[in-house]
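Here the structure comes first, spelled out in structure tokens, and everything after it is commentary.
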There are 2 protein chains.
Amino acid sequence: MADKNHELRDKGLRLTPQRQLVLEAVRALGHATPEEVAEKVRATHPGINLSTVYRNLETLENVGLVQHTHLGHGGATYHAAEELTHLHLVCGKCGSVGDAPIETAAPFVNTLIDEYGFKTDVTHFAIYGTCANCTAKS
Amino acid sequence: MADKNHELRDKGLRLTPQRQLVLEAVRALGHATPEEVAEKVRATHPGINLSTVYRNLETLENVGLVQHTHLGHGGATYHAAEELTHLHLVCGKCGSVGDAPIETAAPFVNTLIDEYGFKTDVTHFAIYGTCANCTAKS
DNA sequence: TTTTTCCTGCAAGTTATTTGCAACTCGCAT
DNA sequence: ATGCGAGTTGCAAATAACTTGCAGGAAAAA
């Protein structure tokens with residue numbers, strides 16, 4: 001546990017309960033909007049302010065502990081940096097977010113680098129479409 | 001020209017100058033935010049209202065003449081349906097939007113269908129990363 | 001413990017987009 | 001041509017999602 005505390009201190013950040021809660025919430029949720037993070041945090045610490053959540057998400061992103069992506073619709077979604085091992089398959093119909101290993105995109109990513117010099121940021125990679133479930137229903 | 005008018009009428013829409021201007025603007029701009037579309041339209045028709053632009057973009061999208069995508073940052077960007085022949089390579093540093101033919105992604109798209117049953121919507125496909133230009137500068 | 005600096009809560013401020021509503025005008029039917 | 005009715009527009013107010021200024025409060029260093 002002592003080690004866990006250090007992960008924030010080591011980044012030069014203060015160890016506040018709010019900050020820890022935000023980080024824990026992001027990790028527990030997998031991926032979530034700021035609003036969802038706030039809701040999760042409020043389960044144990046009702047008083048937390050939305051702007052504190054926003055500010056901490058930004059701070060945590062600056063030190064590399066979390067990242068955000070835009071998954072198609074409106075707001076950004078955050079997830080823990082450790083979780084960056086998969087692509088996000090966003091279903092435009094049901095809104096579900098599926099996963100696929102990043103290797104799936106490796107050939108494609110390489111093509112873009114070779115032919116266009118464009119370095120794809122896999123961590124921000126969101127793929128839009130229709131999931132198997134919704135395809136079956138229609 | 002008479003034919004051109006029909007493309008809107010045929011969809012069951014009224015032919016208003018605002019509507020035509022919005023559609024023309026989207027086609028002329030390639031891809032643009034609602035704000036940019038409004039600005040373009042105002043070049044020839046200064047009085048047009050922003051909400052009219054929003055409403056028309058939505059209407060035109062409903063009949064399939066334009067489409068929108070979320071290119072990473074905040075707002076949606078619209079483009080004409082005919083223009084859906086390329087992928088968008090969005091640079092997270094300079095914000096530029098490059099193009100690549102959809103075929104580039106074909107193998108990748110097929111993999112996702114085969115392995116996950118996920119049908120990628122190429123028209124909403126936005127790829128996030130760093131463009132050659134910005135890579136060079138850093 | 002004292003000080004310095006960072007954080008937090010709160011409220012007000014932005015920015016982007018939507019909506020209610022009355023006036024208007026496009027296109028069908030005289 | 002002319003009029004009527006529904007689809008449209010402009011305007012202003014309303015939302016929604018964030019961001020920011022500021023003063024008090026709490027970590028961490030001294």
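These values consider heavy atoms only, across backbone and side chains, with no hydrogens, waters or symmetry-generated copies. Here is how names work: the chains are called A, B, and so on, in the same order as the sequence lines, proteins then strands, and each is numbered from 1.
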Quiz item: Ignoring hydrogens and geometry, is there a side-chain-to-backbone donor-acceptor pair from B:Glu61 to B:His68 under 3.5 Å?
Solution: yes

Self-check item: Closest heavy-atom pair and its distance - A:Ala76, A:Pro34
Solution: O-CD, 3.4 Å

Side-chain donor/acceptor pairs under 3.5 Å, residues 98-105 of chain B, sequence neighbours excluded:
residue, atom, partner, partner atom, Å
B:Thr104, OG1, B:Pro101, O, 2.8

Quiz item: How many Å lie between CD on B:Glu36 and P on C:dT17, as a whole number?
Solution: 11 Å

Quiz item: When rounded to the nearest 0.5 angstrom, what is the spacing between CZ in A:Arg55 and CD in A:Gln18?
Solution: 10.5 Å

Quiz item: Hey, does the side chain of A:Tyr54 come within less than 4.0 Å of D:dC18's phosphate (OP1/OP2), counting only N and O?
Solution: yes

Self-check item: Atom-pair distance (CG on B:Asp10; P on C:dC26), nearest Å
Solution: 18 Å

Exercise. Have a look at A:Ile48 and say if it touches a base, only the backbone sugar-phosphate, or nothing, with a 4.0 Å heavy-atom cut-off.
Key: sugar-phosphate

Practice problem: Check every atom of D:dC11, D:dT9, C:dT17 against the side chain of B:Thr52 and return the nucleotide holding the closest atom. | Solution: D:dT9

Exercise. Could you check how far CG of A:Asn49 sits from P of D:dA17, rounded to whole Å?
Key: 16 Å

Quiz item: Got a second to check how far A:Gln20's CD is from A:Glu7's CD, nearest 0.5 Å?
Solution: 9.0 Å

Exercise. Look at B:Asn56 and D:dT9 and indicate whether a side-chain polar atom (N or O) is within less than 4.0 Å of OP1 or OP2.
Key: yes

Quiz prompt | Residue pair B:Leu8 / B:Leu60, side-chain heavy-atom distance below 4.5 Å | solution = yes

Quiz item: When you check every protein heavy atom under 4.0 Å of nucleotides 21-30 of chain D, what one-letter string (B, S, -) results, 5' to 3'?
Solution: B----BBSS-

Self-check item: Distance, rounded to the nearest Å, where A:Leu57 contributes CG and C:dT8 contributes C1'
Solution: 15 Å

Practice problem: Return the value, rounded to whole Å, for the distance between atom CG of B:Asn62 and atom C1' of D:dT8. | Solution: 15 Å

Quiz item: In whole angstrom, what separates B:Leu21's CG from D:dT8's P?
Solution: 15 Å

Quiz item: Hey, is CD on B:Glu39 packed in by over 12 heavy atoms from elsewhere, all under 6.0 Å?
Solution: no

Quiz item: According to a strict under-4.0 Å criterion, is B:Gln18 in side-chain N/O contact with OP1 or OP2 of D:dG10?
Solution: yes

Practice problem: Figure out the NE2/P separation between A:His45 and C:dC7, and round it to whole Å. | Solution: 16 Å

Quiz item: When the distance from CG of B:Leu50 to P of D:dA12 is rounded to whole Å, what number comes out?
Solution: 13 Å

